[in-house]
Amino acid sequence: ITVSNEDKKDLDIRVRPTSWSQSADGQDNYQDANDLVVFPRRLSLKPGEKKIIRLGLNNAQTTTEKAYRVYLEEVAPPEDPNDASVKLSVLINVGVPVFVTPAQATPQLTVNPVISNNKLKLELNNQGNAHIRLSRIADDKGNTITSNFTNRYVFSGVRTVSDIALPASVCNGTGVKWLLETSESKPIPLNVTLPTRCNS
């Protein structure tokens, strides 16, 4: 992972690896990772400087996918005891997804679109051995309908529901054929009967 400091001040970063799992209903769970080796665990960058964080596994052999998030957390600079002014600091906290996949990684996602209470919900079921990431829903002309998903990642063995925010302009009660684009090369067709109005 390459980290760049494009600010005009020094940047102090703490690196925290976590293991990432999903419950059967798609809820994300994080715990400190013991099998993911990270070096360095803390780094300081001058303005314009770049540094590399290296990752490795204690045991790289796996028949099922392993998922992690590596959090890059900015450390607040020490306070100046002679400065009595009130300051507001916004600290960076970025979670980088990391996946260790088996040699034959094949997600197998089935999708069932459902309209409920004027909302579109996608019933998702991944029966493969690797995760799949939802990118966007597009119409047959390639125009983006939405890229907002409550659950963007669907892990192996997980069945979940993702609520979709539809723009009001598409809710006219007609039937449409859309495409769900994912991290796989082939989009998944969606046959949807739209509500007459949309609830956000």
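No donor-acceptor distance shorter than 3.5 angstrom exists from the side chain of N117 to the backbone of K119, with no hydrogens or angles considered.
Between R152 atom CZ and H131 atom NE2 the span is 12.0 Å, to the nearest 0.5 Å.
Cluster annotation: V70 and L43 are assigned to the same hydrophobic cluster (Ile/Leu/Val/Met/Phe/Trp/Tyr, side-chain heavy-atom contacts under 4.5 Å, transitive). Connection of L45 to V96 is established within a shared hydrophobic cluster, with ILVMFWY side chains joined at heavy-atom distances below 4.5 Å, either directly or through further cluster members.
Scanning for salt bridge (charged side-chain N to carboxylate O under 4.0 Å, His left out) contacts around D28 gives an empty result, with sequence neighbours left out. Shown here are the side-chain contact (heavy atoms from CB on, under 4.5 Å) partners of F39, two or more places apart in sequence or in another chain: there are none. Partners of D139 under the salt bridge (charged side-chain N to carboxylate O under 4.0 Å, His left out) rule, at least two apart in sequence or in another chain, do not exist in this structure. Among residues two or more places apart in sequence or in another chain, the salt bridge (charged side-chain N to carboxylate O under 4.0 Å, His left out) test is passed with R133 by none.
Of the listed residues (V111, L179, L122, L134), just one forms a side-chain contact (heavy atoms from CB on, under 4.5 Å) with I188, and that residue is V111.
Within 6.0 Å of the CG atom in N143, the count of heavy atoms belonging to other residues, nucleotides or ligands exceeds 12.
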Taking distance alone, no hydrogens or angles, what donor-acceptor pairs closer than 3.5 Å link side-chain atoms of residues 153-161 to residues at least two apart or in another chain?
{"from": "S156", "atom 1": "OG", "to": "G128", "atom 2": "O", "distance (Å)": "2.5"}
{"from": "T160", "atom 1": "OG1", "to": "D25", "atom 2": "O", "distance (Å)": "2.8"}
{"from": "T160", "atom 1": "OG1", "to": "N151", "atom 2": "ND2", "distance (Å)": "2.8"}

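Sorted by first and then second residue, the ring-ring contact (aromatic ring centres under 6.0 Å, His included) pairs with a member in residues 158-184 form an empty list; sequence neighbours excluded.
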